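Fair warning: this is a prediction, and the values are worked out from it, not measured in the lab.
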Amino acid sequence: MTVNYISLAAQFAIACFAIGSFICTIRMFKGPSPQDRAWALDAMYVNCMLLIVTLGILFRTSWYYDIALLIALFGFVGTAALAKFLLRGEVIEP
């Protein structure tokens with residue numbers, strides 16, 4: 001009987017990232033301050049990106065890596081815009 005350790009590790013990682021994303025979602029809705037909500041949103045972007053990369057490893061296809069790259073890009077831009085909004089109260093300066 002052969003055991004595919006990569007598949008088992010990928011499934012375990014997918015479960016961990018899904019739990020982490022769920023916990024971040026709870027913190028995002030119940031956060032006591034806007035900074036906590038922004039931090040939870042940033043952590044959720046990272047968890048979702050890693051979840052998709054792990055799916056790419058599990059299914060052995062490269063389409064997931066492109067999607068994860070887009071999520072990372074939008075997550076960075078969104079976090080930068082949210083941080084600027086929380087500091088100054090506006091994103092686009094006149």
Side-chain angles (χ1 to χ4, degrees):
M1 181 172 138
T2 28
V3 178
N4 190 355
Y5 290 112
I6 297 291
S7 177
L8 289 176
Q11 290 173 359
F12 178 73
I14 287 170
C16 290
F17 292 138
I19 291 169
S21 295
F22 179 71
I23 290 171
C24 288
T25 303
I26 291 172
R27 175 55 58 196
M28 196 170 58
F29 287 120
K30 291 181 65 175
S33 69
Q35 289 82 11
D36 288 334
R37 290 185 172 118
W39 187 261
L41 182 65
D42 192 39
M44 192 169 72
Y45 278 130
V46 171
N47 277 330
C48 289
M49 181 192 62
L50 292 173
L51 177 78
I52 291 174
V53 167
T54 309
L55 284 172
I57 291 170
L58 183 65
F59 294 134
R60 295 182 179 104
T61 182
S62 64
W63 283 93
Y64 291 99
Y65 304 129
D66 297 334
I67 296 169
L69 183 65
L70 284 174
I71 288 176
L73 179 72
F74 288 135
F76 173 74
V77 171
T79 300
L82 188 60
K84 188 173 180 182
F85 176 74
L86 289 175
L87 283 175
R88 297 187 183 153
E90 60 185 359
V91 177
I92 300 174
E93 296 176 2

Let me confirm one number: the [atom1]-[atom2] distance from [X] to [Y], rounded to the nearest 0.5 Å.
X     : Y     : atom1 : atom2 : result
Leu41 : Asp36 : CG    : CG    : 12.5 Å
Leu82 : Leu87 : CG    : CG    : 10.0 Å
Phe76 : Tyr45 : CZ    : OH    : 12.5 Å
Phe12 : Ser7  : CZ    : OG    : 14.0 Å
Ile14 : Leu55 : CD1   : CG    : 4.0 Å
Thr79 : Trp39 : OG1   : CH2   : 10.0 Å

Kindly give the heavy-atom pair with the smallest separation between [X] and [Y], and that separation in Å.
X     : Y     : result
Gly31 : Arg37 : O-NH2, 3.0 Å
Ala13 : Thr54 : CB-CG2, 3.9 Å
Tyr65 : Val53 : CE2-O, 3.8 Å
Leu58 : Ala10 : CD1-CB, 3.9 Å

Original post:
Counting heavy atoms not belonging to Leu86, are there more than 12 under 6.0 Å from its CG?
Top reply: yes

Original post:
Would Leu51 and Ser21 count as a side chain to side chain contact (heavy atoms under 4.5 Å, CB included) if you check the C-alpha gap in whole Å, the side-chain angles of each, and the deciding distance to 0.1 Å?
Top reply: CA-CA 9 Å; Leu51 177 78; Ser21 295; 5.5 Å; no

Original post:
Would a 4.5 Å heavy-atom cut-off, applied to side chains only, mark Pro32 and Arg27 as touching?
Top reply: yes

